[in-house]
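The structure presented is a predicted model; accordingly, all values stated were derived computationally and were not measured. Numbering starts at 1 and runs along the sequence shown.
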Amino acid sequence: MGATMSPLPFLYYKGVRLTINIMNKNERFVITINRELGSGGRTVGRILAEKLGVAYYDKALIKPLEEKFNLTSDQIERLKGNNRSWWEDIKRVLILGEEAANSSDYYDEKKKNLVTSEAVLKAEKEILQDIAIEESCVIAGRSAFYVMNGFPNHLNVFIQASMEYRMKRLMDKRGISKKEAKKIIEEVDEAREEYLKNNARTSRYDTRNYDLVITMDDKTEEEAVNVILAYIG
């Protein structure tokens with residue numbers, strides 16, 4: 001008779017059975033928090049980092065990208081939503097030259113080449129992996145769940161919520177109307193999804209990319225953090 005594999009250990013948290021992940025928080029680790037706009041995922045990441053006593057990173061990673069490509073943060077975010085293919089990028093360089101500086105791509109005046117969304121992803125990967133090699137940390141957004149695939153001792157978490165929950169949170173935070181909140185969320189969702197599909201060949205909504213998926217509608221940020229802490233043990 002062949003050997004029988006032992007089942008992974010598990011625990012119950014508020015009635016939910018959780019399989020304990022193999023991530024070891026006593027060694028250098030990385031926890032990535034991918035989140036939908038308006039879900040509270042950034043706050044979850046910050047609180048989680050505080051409770052674990054490690055560094056927390058989110059939009060601060062934009063700064064090295066700004067310096068590397070001589071772009072503003074707004075330009076980088078818009079670039080990431082670009083849905084043109086790499087061949088179309090090349091054709092734009094050949095046909096438009098420096099006029100491409102005014103397109104939805106951006107021309108790097110210092111290096112005399114067109115900055116593409118692939119280049120941004122590559123730079124993000126280098127920055128994130130350099131950080132992960134140096135210290136334990138929690139990283140919110142920045143495609144970290146994709147970048148850290150294959151990286152030792154990491155955990156990928158996705159924070160999601162219903163559209164109603166997200167709109168209300170955005171309305172309260174920014175003082176905008178329901179219509180404005182919905183428009184912003186839809187635009188950001190589309191840009192982020194296009195960025196990953198075009199450059200990472202995956203979807204941010206594919207749950208196979210994550211170890212843990214948390215829906216926020218019936219939870220506070222603290223409760224979501226406790227779910228993650230219970231999961232890693």
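- In this structure a side-chain-to-backbone donor-acceptor pair under 3.5 Å is present from E36 to A161.
- R204 pairs by the side chain to side chain donor-acceptor pair (under 3.5 Å) definition with nothing, not counting sequence neighbours.
- Partners of E193 by salt bridge (charged side-chain N to carboxylate O under 4.0 Å, His left out), not counting sequence neighbours, listed by chain and number: K197.
- Listed by chain and residue number, nothing satisfies the side chain to side chain donor-acceptor pair (under 3.5 Å) test with D218 (two or more places apart in sequence, or in another chain).
- Distance check: K182 NZ to I176 CD1 gives 13.0 Å after rounding to the nearest 0.5 Å.
- With sequence neighbours excluded, no residue forms a side-chain contact (heavy atoms from CB on, under 4.5 Å) with E134.
- Annotation: side chain to side chain donor-acceptor pair (under 3.5 Å) contacts of K25 (sequence neighbours excluded): none.
- In this structure E187 satisfies the salt bridge (charged side-chain N to carboxylate O under 4.0 Å, His left out) test together with K183, sequence neighbours excluded.
- Screening residues 149-165 for salt bridge (charged side-chain N to carboxylate O under 4.0 Å, His left out) gives E164-K178 as the qualifying pairs, with residues at least two apart or on separate chains.
- Remark: T207 engages V213 in a side-chain contact (heavy atoms from CB on, under 4.5 Å) (not counting sequence neighbours).
- When atom types are taken as modelled, the side chain of S136 and the backbone of F29 share a donor-acceptor pair closer than 3.5 angstrom.
- Smallest separation of non-hydrogen atoms from S177 and M171: O-CG, 3.7 Å.
- Within 6.0 Å of NZ in K168 there are 12 or fewer heavy atoms belonging to other residues, nucleotides or ligands.
- Here the side chain of R169 pairs no donor or acceptor atom with the backbone of S39 at under 3.5 angstrom.
- Between the side chain of R35 and the backbone N or O of G40 there is no donor-acceptor pair closer than 3.5 Å.
- Residues satisfying the ring pair (Phe, Tyr, Trp, His ring centres under 6.0 Å) criterion with Y165, sequence neighbours excluded, are absent altogether.
- D217 places a side-chain N or O within 3.5 Å of a backbone atom of S162 that can act as its donor or acceptor partner.
- Closest heavy-atom contact between I214 and K219: CG2-CD, 3.9 Å.
- Remark: K173 pairs with no residue by the side chain to side chain donor-acceptor pair (under 3.5 Å) rule, at least two apart or across chains.
- For residues 204-227, every residue pair satisfying the ring-ring contact (aromatic ring centres under 6.0 Å, His included) rule, not counting sequence neighbours, is listed here: F145-Y210, F158-Y210.
- Between N156 and N209, the closest side-chain pair of non-hydrogen atoms is not below 4.5 Å.
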Please tabulate, for side-chain N and O atoms in residues 44-53, each donor-acceptor pair with protein atoms closer than 3.5 Å (sequence neighbours left out).
unit_1 : atom_1 : unit_2 : atom_2 : d
R46    : NH1    : E50    : OE2    : 3.3
K51    : NZ     : E222   : OE1    : 2.9
K51    : NZ     : N226   : OD1    : 3.4

